[in-house]
Amino acid sequence: MDHTDYKSRLSAIDRQLAALFEERLELCRLTAASKISTGSPVHDGEGEEGQLKALEALAANDGDRKAVGELFTQILAISRRTQYEVFAEHGRRCHQGFQKVDALPAGAVRVVYQGVEGSYGHAAALQYFGQEAKVYPVLTFENAMREVQEGWADYGVLPIENSSAGAVADNYDLLVKYHNYMVAETFLPVNHALLAGQDATLEGIRTVYSHPQALMQSSDFLNAHKGWKQVSLVNTAVAAKKVLEDNDPTQAAVASEIAGRLYGLKTLAASIQNNRSNTTRFMILTSRPIYRQDAAKVSICFELPHHSGSLYNMLGHFIFNGVNMVRIESRPIPGRNWEYRFFIDLEGSLQDPGLGNALDGIAAEAGNLRIFGNY
């Protein structure tokens, strides 16, 4: 028997497999309808584990056993995803609490940001909401989250990632801790300057203050001055304010030139950031689960144990439903060694059937799915 004969036999087997698989999928749909009538869930982890072991035992040798296990792992996953589609057709959705709106309330809304006047958070709030908004600062990101959750502010504006320094990790954790919802985002170009008092000179600087990310984003310039001590503060504008109040010509701050003008400082060096196209993404948060009609991105998180294939199985829901993932971050879960929480941004709307099916699958199979918003 030559290569052509083998290929012909393989094709014949493939046709049989395809026909049998279609028959299996139809049985899965009928099974889903039965589960809906009895109130049973789609996913039965222990039952599937036993089923896989029984199927693997049918293989003639160890090598084939592993292959059979992998094949039926995928078959069972596709079967579950097919059943989630049937559940969705009967109105069984995990995100029914979200309300669609034509537009976000604007005008004289109360908007909170972290920092002080002249900070990048302040600039982002004005950029998105305009001069009519009642914009006010708080000391910490957590304070801002609490203001929104308690209803003292209509919206909060917090940084979530930077094109140079990456994710603002602490704010991902705050998304989990507080029950606020992302309803929009705004992108603010970052242009750092070295600011100091009017009597200061570049040669006389000994200490530089700023937010740790701003120091990181300007590391090439700062590290070229070997004698400078770099000190982290909670905000770039706080650093500028400190330099003004200390009135010490050996001190400087890395902050925006807007902050420099506000606090009467002079620019010793402009555009000192490593990346001249440096941009920070800010999330716009509110306490209500709402989304605009034109929303095109969904942010979620879920938890997974640290074992082989767990993330792969979750991401398979996006592949099966044709959903594009645009970002993924992981954070360790406090108090649970080697277990992780994954933060994911997806293209699409909660109105999209495919995205809804993917979320339903993850809600059933992962731990503690949170939908942060559709924006």
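These numbers come from a predicted model, not from an experiment. No hydrogens, no waters, no symmetry mates; every other heavy atom, side chains included, goes into these values.
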> What do the steps show when you test S349 against L355 for side-chain contact (heavy atoms from CB on, under 4.5 Å), and what is the final call?
Replying inline: CA-CA 7 Å; S349 166; L355 192 144; over 6 Å; no

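- Environment of CZ in R327: crowded, with over 12 heavy atoms of neighbouring residues, nucleotides or ligands closer than 6.0 Å.
- Between atom CG of residue N368 and atom CD1 of residue I362 there is a gap of 13.5 Å, rounded to the nearest 0.5 Å.
- Other residues, nucleotides and ligands contribute over 12 non-hydrogen atoms within 6.0 Å of the CD1 atom of I36.
- The heavy-atom pair separating A33 from V86 by the smallest distance is N-CG1, 4.2 Å.
- You'll find the side chain of E48 stays beyond 4.5 Å of the side chain of L52, heavy atoms only.
- Looking at R276, its side chain does come within 3.5 Å of a backbone N or O of S271 through a donor-acceptor pair.
- Distance alone, capped at 3.5 Å, places no donor-acceptor pair between the D345 side chain and the K297 backbone.
- For the pair D352 (side chain) and G354 (backbone), a donor-acceptor distance under 3.5 Å is absent.
- In this structure, the side chain of Y113 does not engage the main chain of A123 through any donor-acceptor pair within 3.5 Å.
- Here the CG-CG distance, from L71 to D64, works out to 11.5 Å after rounding to the nearest 0.5 Å.
- Ionic pairing of E70 and K66 is not present here: no N-O contact between side-chain nitrogen and carboxylate oxygen is shorter than 4.0 angstrom.
- V109 and V112 end up in different hydrophobic clusters when Ile, Leu, Val, Met, Phe, Trp and Tyr side chains are linked at under 4.5 Å.
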>> Show, in sequence, the C-alpha distance, side-chain angles and deciding distance for E85 and F320, and conclude whether the side-chain contact (heavy atoms from CB on, under 4.5 Å) test is met.
In response: CA-CA 11 Å; E85 291 178 338; F320 181 83; 3.7 Å; yes

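- Looking at T286, its side chain never comes within 3.5 Å of a backbone N or O of I284 through a donor-acceptor pair.
- Of the possible donor and acceptor atoms, none in the side chain of N321 sits under 3.5 Å from a partner among the backbone N and O of V323.
- Rounding to the nearest 0.5 angstrom, the gap separating the CZ atom in F372 from the SG atom in C301 is 3.5 Å.
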> Taking it one step at a time, do W228 and F221 satisfy side-chain contact (heavy atoms from CB on, under 4.5 Å)?
Replying inline: CA-CA 11 Å; W228 290 1; F221 176 85; 3.8 Å; yes

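- Annotation: side chain of L346 is in contact with side chain of F318 (closest heavy-atom distance under 4.5 Å).
- A donor-acceptor pair is defined here as one N or O able to donate and one able to accept, closer than 3.5 Å; such a pair exists between the side chain of Q127 and the backbone of F187.
- Of all non-hydrogen atoms in G118 and S256, the two that sit nearest each other are O-OG, 3.4 Å.
- Few gaps surround NZ on K266; more than 12 heavy atoms of other groups in view lie less than 6.0 Å from it.
- Open room surrounds OH on Y312; 12 or fewer heavy atoms of other groups in view lie less than 6.0 Å from it.
- Residues P334 and R341 come closest through the heavy atom pair CD-NH1, 4.3 Å.
- Between I333 and E303 there is a side-chain heavy-atom pair separated by less than 4.5 Å.
- L20 and L76 end up in different hydrophobic clusters when Ile, Leu, Val, Met, Phe, Trp and Tyr side chains are linked at under 4.5 Å.
- Residues K241 and V238 fail the side-chain proximity criterion, which asks for heavy atoms closer than 4.5 Å.
- Crowding of D102 atom CG: a count of heavy atoms from other residues, nucleotides or ligands under 6.0 Å not exceeding 12.
- In the hydrophobic cluster analysis, where Ile, Leu, Val, Met, Phe, Trp and Tyr join through side-chain heavy atoms closer than 4.5 angstrom, V254 is grouped apart from Y263.
- L139 and V157 are members of different hydrophobic clusters when ILVMFWY side chains are connected at heavy-atom separations under 4.5 Å.
- Nearest heavy atom pair, residue H211 against residue V234, reads CD2-O, 3.2 Å.
- Between R206 and K229, every side-chain heavy-atom pair lies at or beyond the 4.5 Å cut-off.
- A 4.5 Å side-chain heavy-atom check between L175 and R370 finds every atom pair outside the cut-off.
- More than 12 heavy-atom neighbours from other residues, nucleotides or ligands sit within 6.0 angstrom of CD on E150.
- Under the 6.0 Å cut-off for aromatic ring centres, H43 and Y84 do not qualify, their centroids lying 6.0 Å or more apart.
- Listed for the S219 side chain is a donor-acceptor partner under 3.5 Å among the backbone atoms of M216.
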> When you look at Q217 and N162, which way does the side chain to side chain donor-acceptor pair (under 3.5 Å) test go after all the steps?
Replying inline: CA-CA 9 Å; Q217 292 160 9; N162 176 267; 3.2 Å; yes

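- In this structure, the side chains of Y178 and V148 stay at 4.5 Å or more apart for every pair of heavy atoms.
- In this structure a side-chain-to-backbone donor-acceptor pair under 3.5 Å is missing from R80 to V42.
- Summarising the geometry, atom CG belonging to L222 is positioned 4.5 Å from atom CD belonging to Q230; distances are rounded to the nearest 0.5 Å.
- Shown here for S119 and T236, the closest heavy-atom pair between the two residues is CA-OG1, 4.4 Å.
- Tracing side-chain contacts under 4.5 Å through hydrophobic residues (I, L, V, M, F, W, Y), one never reaches Y155 starting from Y291; they form parts of separate clusters.
- Atom-to-atom distance recorded for S287:OG and M145:CE is 12.0 Å, nearest 0.5 angstrom.
- When all heavy atoms of D220 and N274 are compared, the pair lying nearest together is N-OD1, 3.0 Å.
- The only option from N143, N235, N171, T140 that meets the side chain to side chain donor-acceptor pair (under 3.5 Å) definition with Q114 turns out to be N235.
- Using modelled atom types, one side-chain atom of Q273 and one backbone atom of H192 make a donor-acceptor pair closer than 3.5 Å.
- Within 6.0 Å of CD in Q198 there are more than 12 heavy atoms belonging to other residues, nucleotides or ligands.
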>> As a quick check of understanding, evaluate side-chain contact (heavy atoms from CB on, under 4.5 Å) for L304 and Y340, giving each step before the final call.
In response: CA-CA 6 Å; L304 289 178; Y340 295 86; 5.9 Å; no

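- In this structure the side chain of Y181 never reaches within 4.5 angstrom of the side chain of I290, judged on heavy atoms.
- Surrounding CG of N61 are more than 12 heavy atoms belonging to other residues, nucleotides or ligands, all under 6.0 Å away.
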